[in-house]
Amino acid sequence: MALPINNISHLIPQKTPFVMVDTLVDFTAEKVTSSFTILDNNLFVENATFLESGLIENMAQTVALHTGYNYFLKNEEAPVGYIGSIKKVAILKLPTLNETITTEATILHEFMGVTMVEVKAFNQNKEEIASAEMKTVIAS
């Protein structure tokens, strides 16, 4: 399947209205890039601003998108996963309504369903707006 992929619903376990990524932009074994356009019906939009919790969920779902696409390439269903831990979170700027953010996750370590990643989100001007280190865990 050629990238970008705009219909990613089969690649992540989250379902509407809790989907915080809408396009798989790029994928390698070590890195994934997603994008997401913030619409007014989003659960994490308040006063035309995408909240911190939405940014964190976007970063986590970008990691899930990496896992889901990896499983898709093996003809397997995307697994359910959870955020195991978050550290070094920095929210530098909140994006606004109708803005498209781009999020990049770099895989630092992956072992037995536990993935440690560094994640950065950028606004339309390519300014870094958020970053974190996350550990995600595939449900058994």
Side-chain angles (χ1 to χ4, degrees):
M1 187 175 277
L3 298 176
I5 299 172
N6 296 314
N7 179 7
I8 53 89
S9 60
H10 62 292
L11 301 176
I12 60 172
Q14 293 83 5
K15 301 301 172 216
T16 303
F18 207 72
V19 175
M20 302 299 142
V21 294
D22 55 27
T23 304
L24 173 60
V25 176
D26 196 22
F27 173 89
T28 67
E30 301 83 26
K31 191 173 186 178
V32 65
T33 304
S34 73
S35 68
F36 182 61
T37 301
I38 300 156
L39 302 177
D40 62 355
N41 62 347
N42 188 284
L43 297 171
F44 296 113
V45 169
E46 188 175 287
N47 299 322
T49 302
F50 193 51
L51 301 174
E52 293 89 343
S53 51
L55 273 173
I56 291 170
E57 186 60 32
N58 166 265
M59 290 189 283
Q61 288 187 23
T62 298
V63 179
L65 189 56
H66 183 273
T67 303
Y69 190 63
N70 198 24
Y71 273 67
F72 172 80
L73 293 174
K74 298 184 288 187
N75 292 316
E76 297 178 22
E77 189 174 324
V80 173
Y82 303 96
I83 298 171
S85 67
I86 303 173
K87 64 180 185 176
K88 298 183 182 177
V89 176
I91 306 293
L92 307 172
K93 184 177 184 181
L94 295 175
T96 56
L97 197 58
N98 299 317
E99 191 169 351
T100 299
I101 60 174
T102 302
T103 307
E104 298 175 352
T106 302
I107 310 303
L108 302 175
H109 308 286
E110 194 167 21
F111 183 71
M112 296 183 64
V114 177
T115 305
M116 177 65 84
V117 297
E118 178 182 77
V119 189
K120 294 182 179 186
F122 303 88
N123 65 15
Q124 293 175 165
N125 299 325
K126 302 193 184 326
E127 298 171 295
E128 185 178 317
I129 59 171
S131 64
E133 285 185 13
M134 292 185 171
K135 183 187 303 181
T136 60
V137 181
I138 294 176
S140 51

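Residue numbers count from 1 along this sequence.
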Apart from M112 itself, its cluster of hydrophobic side chains linked below 4.5 Å comprises F111
In this structure, OG1 of T115 is separated from CD of E110 (nearest 0.5 Å) by 3.5 Å
- Task: Carefully, step by step, assess V63 and V32 under the rule side-chain contact (heavy atoms from CB on, under 4.5 Å).
- Result: CA-CA 7 Å; V63 179; V32 65; over 6 Å; no
With sequence neighbours left out, the residues meeting side-chain contact (heavy atoms from CB on, under 4.5 Å) with T102 are T33, S35
Margin query: Show, in sequence, the C-alpha distance, side-chain angles and deciding distance for I8 and L65, and conclude whether the side-chain contact (heavy atoms from CB on, under 4.5 Å) test is met.
Written below: CA-CA 8 Å; I8 53 89; L65 189 56; 4.0 Å; yes
- [ ] Group every Ile, Leu, Val, Met, Phe, Trp and Tyr by side-chain heavy-atom contacts under 4.5 Å, then state whether V25 and F27 land in the same group.
- [x] no
Side-chain donor/acceptor pairs under 3.5 Å, residues 83-90, sequence neighbours excluded:
none

Exercise for the section: Take N98 and I38 through the test side-chain contact (heavy atoms from CB on, under 4.5 Å) and record every step on the way to the result. Expected result: CA-CA 5 Å; N98 299 317; I38 300 156; over 6 Å; no
In one Ile/Leu/Val/Met/Phe/Trp/Tyr side-chain cluster, 4.5 Å: V21, L43: no
- [ ] Please tell me if the side chains of I129 and P95 come closer than 4.5 Å, counting only heavy atoms from C-beta onward.
- [x] yes
**Message:** Other residues, nucleotides and ligands only: do more than 12 of their heavy atoms fall within 6.0 Å of CD on Q124?
**Reply:** yes
Across all chains, not counting sequence neighbours, the side-chain hydrogen bond (donor to acceptor under 3.5 Å, both in side chains) partners of N42 are none
Quiz item: Is it the case that more than 12 heavy atoms not belonging to N47 sit under 6.0 Å from its CG atom?
Solution: no
Closest non-hydrogen contact found for V119 with V117 is CG2-CG2, 3.5 Å
Smallest heavy-atom separation, L11 atom then A78 atom, equals O-CB, 3.5 Å
Separation between CG (L51) and OG1 (T49), nearest 0.5 Å, reads 7.5 Å
Hits for ring-ring contact (aromatic ring centres under 6.0 Å, His included) against F122, two or more places apart or cross-chain, chain-then-number order -> none
* For the hydrophobic clusters of this structure (ILVMFWY residues joined by side-chain heavy atoms under 4.5 Å, transitively), does one cluster hold both I107 and Y69? -> no
In short, K15 meets S9 closest at the heavy-atom pair NZ-O, 3.0 Å
With sequence neighbours left out, the residues meeting side-chain contact (heavy atoms from CB on, under 4.5 Å) with T37 are D22, L39, T100
Salt bridge (Lys or Arg N to Asp or Glu O under 4.0 Å) pairs touching residues 95-104, sequence neighbours excluded, are K31-E104
Residues pairing under salt bridge (Lys or Arg N to Asp or Glu O under 4.0 Å) where one sits in residues 60-76, two or more places apart or in two chains, turn out to be none
| request: Tell me, with the steps shown, if Y82 and I138 meet side-chain contact (heavy atoms from CB on, under 4.5 Å). | output: CA-CA 6 Å; Y82 303 96; I138 294 176; over 6 Å; no
The reported gap from CE in M116 to CE in M134 (rounded to nearest 0.5 angstrom) is 11.0 Å
Separation between CD1 (I12) and OH (Y71), nearest 0.5 Å, reads 16.0 Å
(Q) Over 60° means perpendicular and under 30° means parallel, so tell me whether F36 and F50 are parallel, tilted or perpendicular. (A) tilted
When every non-hydrogen atom of P13 is compared with those of P79, the smallest separation belongs to CG-O, 3.5 Å
Donor-acceptor contact below 3.5 Å, side chain H66 vs main chain T28: yes
Compile the donor-acceptor pairs under 3.5 Å between side chains in residues 53-61 and protein atoms, sequence neighbours left out, one pair per line.
from : atom 1 : to   : atom 2 : distance (Å)
E57  : OE2    : Q61  : NE2    : 2.9
N58  : OD1    : T103 : OG1    : 2.5
N58  : ND2    : M20  : O      : 2.7
Q61  : OE1    : M20  : N      : 2.6
Q61  : NE2    : F18  : O      : 2.8

T67 meets the side-chain hydrogen bond (donor to acceptor under 3.5 Å, both in side chains) criterion, sequence neighbours left out, with none
Residues at least two apart in sequence or cross-chain that pass side-chain contact (heavy atoms from CB on, under 4.5 Å) with E118, listed by chain then number, are L108, K120
Exam field: side chain N123 to backbone N125, donor-acceptor pair closer than 3.5 Å: yes
Taken in chain and number order and not counting sequence neighbours, the residues that satisfy side-chain contact (heavy atoms from CB on, under 4.5 Å) with P4 are T23
